[in-house]
Amino acid sequence: MTAPRLRFPPAPSGWLHVGGARTALYNWLAARGSGGAFVLRIEDTDAERSDAEAMRGMLDSLRWLGLHWDEGPDVGGPHGPYLQSERRPLHDAVVRRLLEAGRAYEAFETAEELEADRQRAQEEGRPPGYSGAHRDLTEEQRAAYRAEGREAVVRARTPDEGSIAFEDVVRGTVEVGWDQVSDFVLARADGSPTYYLANTVDDLAQGITLIARGEDLLNATPRQLLLADWLLDDTGGHSLLDEALAEAGLAARPDVARPTYAHLPIIVGEDRKKLGKRHGSVAVDEFREQGYLPEVMCNFLALLGWSYDDRTERFTVPELVERFSLERVGRNPALFDTDKLRALNGDRIKELDDAELADRLVPFLVGQGVLPDEPTDAQRALLEGFVPLVRERMQTLAEAVPLIAWAFAEDVALDERSVAKHLKGRAGEVLDRAAEVLATVEPWDAEALLAALDGLGEELGLGRGKVMQPVRVAVTGSHVSPPLPETLALLDREVVVARVRSARAHVVEPDAGA
RNA sequence: GGCCCCGUCAUCUAGUGGUCGAGGAUGCCAGCCUUUCAAGCUGGUCACGCCGGUUCGAAUCCGGUCGGGGCCGCCA
């Protein structure tokens with residue numbers, strides 16, 4: 001028994017989408033969990049929609065998630081090329097043989113004519129599929145169309161009757177009548193292969209054994225199974241695919257079982273419709289930028305359609321590899337719930353140790369201009385000092401920035417609303433005395449600072465809030481910050497005292513000027 | 001319109017004839033804690049779409065119905 005081979009075949013148009021990421025993850029997990037191989041194949045057959053930059057972004061997002069591939073662009077492998085456009089000789093050879101075998105035929109309708117047909121069928125309530133009008137054109141008719149300057153597409157001749165049934169890992173038996181499957185295009189007028197052809201040929205040629213993909217492709221399966229039958233039929237000794245592979249000079253097909261399909265439930269947005277780019281934050285990159293951790297993305301994505309039992313929902317990636325199985329994938333559409341993602345992310349952040357969390361925070365602080373590209377040792381130490389204070393106050397890495405940015409700045413900008421709310425009443429008195437007390441308190445640590453502040457409250461007959469808040473605003477610029485005594489202890493005494501003094505001027509005295 | 005898929009709390013789900021007066025998590029609400037904001041703790045809110053049938057017994061099986069989604073491209 002040979003090892004399973006799974007793949008992820010994204011089209012390099014646009015960036016990696018959460019739906020695609022989930023598909024990639026499931027295939028990767030199934031491969032890793034079974035000792036199988038994970039293959040990455042870029043499906044760039046549609047020249048108009050492919051671009052190198054989108055592909056780089058795609059690979060980058062996959063790497064960020066930790067979904068490394070055993071075979072694919074960059075790393076190569078025995079069944080390349082892994083850029084579909086470079087497999088064109090194979091596709092051409094297959095199409096030619098299919099034509100010779102009478103499995104496929106040339107059709108000369110133009111895209112405009114077909115569009116008009118579809119339109120009409122729609123209006124008349126008929127099925128909009130291809131009519132099969134050019135199925136049995138004579139040599140003369142074909143020549144005539146060519147003489148008109150028309151270029152043919154190649155269509156597969158699908159069975160006229162009967163049906164096909166297949167076992168889907170997620171959905172069980174699925175049966176479709178052939179009368180529902182119209183003659184589909186294998187090669188475009190310019191000769192390039194379509195998804196149906198290229199995807200099927202390459203999966204077979206690369207020996208893919210298990211295909212997990214979105215439910216939106218469920219209806220494409222009969223066509224691909226039909227093609228697979230044609231390609232792999234070896235009653236003559238050699239299969240059509242073997243011959244095409246040899247002609248194209250590519251490696252022989254691995255000796256593995258035919259692929260099995262697993263159709264995953266689609267991921268929907270708030271409107272219960274298939275999640276698309278128009279529904280907001282759905283690009284994996286965006287979550288990365290917002291400060292979600294890659295291992296949490298994997299955990300969350302895994303839960304979108306899969307569950308382990310009735311109570312466990314947090315998994316490390318190794319645990320996912322260990323426990324994931326396509327058999328436990330559900331059948332109903334899953335809604336992408338950002339709140340849940342945030343909660344999981346927050347939980348994971350709480351588990352990171354100080355140095356680790358500081359490491360992860362640095363890029364965000366640098367990105368916001370809070371820290372220079374190369375933070376100094378002192379800045380790094382200050383950051384690590386803050387980590388324990390902010391850890392429980394953040395659910396994404398980006399949320400830590402406003403909590404501590406002020407500590408790295410020369411001057412604090414006092415938040416207007418905070419000033420209005422807390423630098424009033426007896427705040428002037430509080431700040432005056434606080435500056436004096438803070439200038440002399442010993443030692444300069446959280447415990448002593450808390451005691452000093454409490455002492456001040458007692459002296460002035462004020463509660464903690466009345467003392468803490470003005471000082472908090474003065475030092476941090478905001479009425480929201482990490483715990484005050486611990487925060488002050490991380491800073492230099494001179495800085496704290498100076499800020500408390502300078503904030504004094506912002507206090508609005510009651511009845512001032514009245 | 002045709003075909004295919006799906007239907008348990010607001011959301012993700014557990015559940016494969018009795019242990020379910022339906023469990024967990026997120027969200028939401030309340031209380032506790034409290035120097036802000038969080039976090040934490042405790043409690044609460046919320047579901048088997050509907051109608052028949054099978055059965056001693058159904059969320060679990062069958063039929064129908066309603067609802068949602070997907071596909072029907074020279075996109076993938």
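Order of the sequence lines sets the chain letters (A, B, ...), proteins ahead of strands, with each chain counted from 1. Scope of the values below: all heavy atoms of this structure, side chains included, with no hydrogens, waters or symmetry mates.
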_Looking at B:rU16, which nucleotide sits across from it as a Watson-Crick or G-U wobble partner, both distances under 3.5 angstrom, or is there none?_
none
*Both distances under 3.5 Å, Watson-Crick or G-U wobble: report the partner of B:rU36, or none.*
none
*Determine the Euclidean distance between corresponding P atoms of B:rG64 and B:rC46; express it in Å to zero decimal places.*
34 Å
_Spacing of the P atoms in B:rG68 and B:rC9 (rounded, Å)_ = 16 Å
_In whole Å, measure the gap between the P atoms of B:rG21 and B:rU60 for me._
14 Å
*Residue pairs, two or more places apart or on separate chains, that pass ring-ring contact (aromatic ring centres under 6.0 Å, His included) and touch residues 159-206 of chain A*: A:Phe184-A:Tyr196
*asked:* Please give the distance between the P atoms of B:rA59 and B:rG67 as a whole number of Å.
replied: 24 Å
*Determine the Euclidean distance between corresponding C1' atoms of B:rA14 and B:rC56; express it in Å to zero decimal places.*
27 Å
*Pick the C1' atom in B:rU55 and in B:rU11, then give their distance to the nearest Å.*
35 Å
*Do A:Phe38 and A:Tyr82 have ring centroids that are under 6.0 Å from one another?*
no
*Could you give the distance separating B:rU54 and B:rU16 at their P atoms, to the nearest angstrom?*
25 Å
*asked:* Could you tell me how far B:rG27 sits from B:rC33 if I compare only their C1' atoms? Round to whole Å.
replied: 22 Å
*Which nucleotide sits closest to the side chain of A:Tyr195: B:rA76, B:rG40, B:rC5?*
B:rA76
*Return yes if a side-chain donor-acceptor contact under 3.5 Å exists between A:Gln290 and A:Thr396, otherwise no.*
no
*With respect to the phosphate group of B:rC12, does any side-chain polar atom (N or O) of A:Asn332 fall under 4.0 Å of OP1 or OP2?*
no
*Do the side chain of A:Tyr196 and the base of B:rA76 come within less than 3.5 angstrom through a donor-acceptor pair of N or O atoms?*
yes
*Looking only at heavy atoms, which two atoms of A:Leu231 and A:Leu204 are closest? And how far apart?*
CD1-CD2, 3.6 Å
*State the pairing partner of B:rC61; accept Watson-Crick or G-U wobble contacts with both distances under 3.5 Å, and report none otherwise.*
B:rG53
*asked:* Which nucleotide, if any, forms a Watson-Crick or G-U wobble pair with B:rC3, using both distances under 3.5 Å?
replied: B:rG70
*Is a donor-acceptor pair below 3.5 Å formed from side chain A:Arg393 to base B:rC37, judging by atom type as modelled?*
yes
*Should B:rA10 form a Watson-Crick or G-U wobble pair with both distances under 3.5 Å, which nucleotide is its partner?*
B:rU26
